[in-house]
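Step one of this worksheet: look at the structure below.
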Amino acid sequence: MDVTLHLAQDPEADELLGRSPLAALVGMLLDQQVPMEWAFKGPRTIADRLGAEDLDAHEIAARDPEEFAALLSEKPAVHRYPGSMAKRIQQLCQYLVEHYDGDASRVWEGVGTGGELLKRLEELPGFGKQKAQIFLALLGKQLGVTPKGWREAAGAYGEPKSFRSVADITGPESLTKVRAHKQEMKAAAKAAKAAGGK
């Protein structure tokens, strides 16, 4: 895995995401309740604070939880909820150590079908169906992981030339399109809620 991603809109953070399967997974985990760029910059910030070039699942899993939470809480915080996200990152790393010997790329390497890969992603702590489908679409669209049926397994996120999620962001222009799509979806959900409440 060595591609250039444009999710953090920060060259150093994006470089790490493009070469580190664990950093990409952690970025995806952090991508909730904060702007996408902030979430995907997180893995680089964590690596820097650990004094490392990359994230190591074994090391993070074994860290003292309070110490790790404090590391994420330092200003600028890695997330709006650094304490709970520190716990989730450690749970993810512990799961990877237990099931994949700490190697995040083994989650998708050698997987026969998109359905199987989706199942594996959904089993990761902190990954619900939507997050798993978005990450699956990112793997297929930008990271060259394309098992049979991956687009179908990724649902709408797997559609070519769509601008629905981080899987579709390849630069500033596509970022703007994804943002616009998300705002439309929020507005539609808000309108539906208002209509239902009458």
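Side chains are part of it too, since the values below use all heavy atoms of this structure and drop only hydrogens, waters and symmetry mates. The residues of the chain are indexed from 1 along the displayed sequence.
Ala23 and Pro43 make their closest contact through O-CG, 3.3 Å (heavy atoms, listed as atom of the first residue, atom of the second, distance). Closest approach of Gly102 to Ala57, counting heavy atoms only: O-CB, 3.5 Å. Nearest heavy atom pair, residue Ala69 against residue Gly83, reads CB-CA, 4.3 Å. Between Ala47 and Leu55, the closest heavy-atom pair is N-CD2, 3.7 Å. Closest approach of Val97 to Ala61, counting heavy atoms only: CG2-CB, 4.2 Å.
Although no hydrogens or angles enter the test, the distance criterion places no donor-acceptor pair under 3.5 Å between the side chain of Gln133 and the main chain of Tyr157. Between the side chain of Lys141 and the main chain of Ile169, no donor-acceptor pair closer than 3.5 Å is present. Between the Lys131 side chain and the Met28 main chain, a donor and an acceptor come within less than 3.5 Å of each other. Distance alone, capped at 3.5 Å, is enough to place a donor-acceptor pair between the Gln9 side chain and the His6 backbone. For Asp31 (side chain) and Gly27 (main-chain N/O), no donor-acceptor pair under 3.5 Å exists by modelled atom type. A distance-only check finds a donor-acceptor pair linking the side chain of Arg49 to the backbone of Leu71 [under 3.5 Å]. Checked by atom type and distance alone, the side chain of Asp14 never pairs as donor or acceptor with a backbone atom of Pro11 at under 3.5 Å. With hydrogens and angles ignored, the 3.5 Å screen pairs a side-chain donor or acceptor of Asp103 with a backbone N or O of Ser105. Remark: side-chain polar atoms of Gln142 are paired, donor with acceptor, to backbone N or O of Ala167 under 3.5 angstrom.
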Query raised in the report: Can you list the steps and then say if Leu7 with Leu138 is a side-chain contact (heavy atoms from CB on, under 4.5 Å)?
Result: CA-CA 11 Å; Leu7 305 178; Leu138 178 67; 4.2 Å; yes
Query raised in the report: Given Glu109 and Arg120, is the salt bridge (Lys or Arg N to Asp or Glu O under 4.0 Å) satisfied, shown in steps?
Result: CA-CA 11 Å; Glu109 274 175 4; Arg120 284 187 180 191; over 6 Å; no
Query - side-chain hydrogen bond (donor to acceptor under 3.5 Å, both in side chains) between Asp54 and Ser20, intermediate numbers included - result: CA-CA 7 Å; Asp54 194 356; Ser20 167; 2.7 Å; yes
Query - Full working for side-chain contact (heavy atoms from CB on, under 4.5 Å) between Ile46 and Ile89 - result: CA-CA 11 Å; Ile46 296 167; Ile89 292 168; 3.8 Å; yes
**Report entry** side-chain contact (heavy atoms from CB on, under 4.5 Å) between Leu139 and Trp150, worked out
**Finding:** CA-CA 9 Å; Leu139 286 170; Trp150 72 270; over 6 Å; no
Query - Audit row: Asp101, His58, side-chain contact (heavy atoms from CB on, under 4.5 Å) steps and yes/no - result: CA-CA 8 Å; Asp101 197 27; His58 291 276; 4.0 Å; yes
Requested in this report: List the steps, then state whether side-chain hydrogen bond (donor to acceptor under 3.5 Å, both in side chains) holds for Ser162 with Lys177.
Outcome: CA-CA 9 Å; Ser162 64; Lys177 288 180 180 176; over 6 Å; no
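Residues Asp48 and Arg44 are paired through a salt bridge, judged by an N-O separation under 4.0 Å between the basic side chain and the carboxylate. Ion pairing between Glu12 and Lys41 fails under the 4.0 Å rule for side-chain N and carboxylate O. Residues Arg179 and Glu37 are paired through a salt bridge, judged by an N-O separation under 4.0 Å between the basic side chain and the carboxylate.
No path of Ile, Leu, Val, Met, Phe, Trp and Tyr side chains, each step under 4.5 Å between heavy atoms, connects Tyr81 with Phe127, placing them in separate hydrophobic clusters. Put simply, Val111 and Tyr100 are part of the same group of oily side chains (I, L, V, M, F, W, Y) that touch within less than 4.5 Å, one to the next.
In this structure the side chain of Ser165 never reaches within 4.5 angstrom of the side chain of Val178, judged on heavy atoms. For the pair Leu50/Asp56, no side-chain contact is recorded, criterion being any heavy-atom separation below 4.5 Å from C-beta on. Residues Arg80 and Trp38 meet the side-chain proximity criterion, which asks for heavy atoms closer than 4.5 Å. Proximity of Pro65 to Lys87: side-chain heavy atoms (C-beta onward) are nowhere separated by under 4.5 Å. Counting only heavy atoms from C-beta outward, the side chains of Phe40 and Leu30 never approach each other to under 4.5 Å. With contacts defined as side-chain heavy-atom distances shorter than 4.5 Å, the pair Ile60/Gln94 does not qualify. Taking 4.5 Å as the limit, some side-chain heavy atom of Glu53 sits within range of a side-chain heavy atom of Arg19.
Taking the six-membered ring for Trp and the full ring otherwise, Trp108 and Phe135 have centroids separated by under 6.0 Å.
In Glu59, the CD atom is crowded: over 12 heavy atoms of neighbouring residues, nucleotides or ligands sit closer than 6.0 Å.
Considering CG of Leu136 and CG of Leu117, their distance stands at 5.0 Å, rounded to 0.5 Å. Summarising the geometry, atom OG1 belonging to Thr45 is positioned 8.0 Å from atom CG belonging to Asp10; distances are rounded to the nearest 0.5 Å. Rounded to the nearest 0.5 Å, atoms CZ (Arg88) and CG (Leu29) are 6.5 Å apart. Atoms CG and CG, on Leu96 and Leu124 in that order, are 6.0 Å from each other to the nearest 0.5 Å. To the nearest 0.5 Å, atoms CG (Leu121) and CG (Leu25) are separated by 7.0 Å. We find the CG-CG distance between Leu92 and Leu22 to be 6.5 Å, quoted to the nearest 0.5 Å.
Considering only residues two or more places apart in sequence or on other chains, His99 meets the ring pair (Phe, Tyr, Trp, His ring centres under 6.0 Å) condition with Tyr95. Considering only residues two or more places apart in sequence or on other chains, Glu122 meets the salt bridge (Lys or Arg N to Asp or Glu O under 4.0 Å) condition with none of them.
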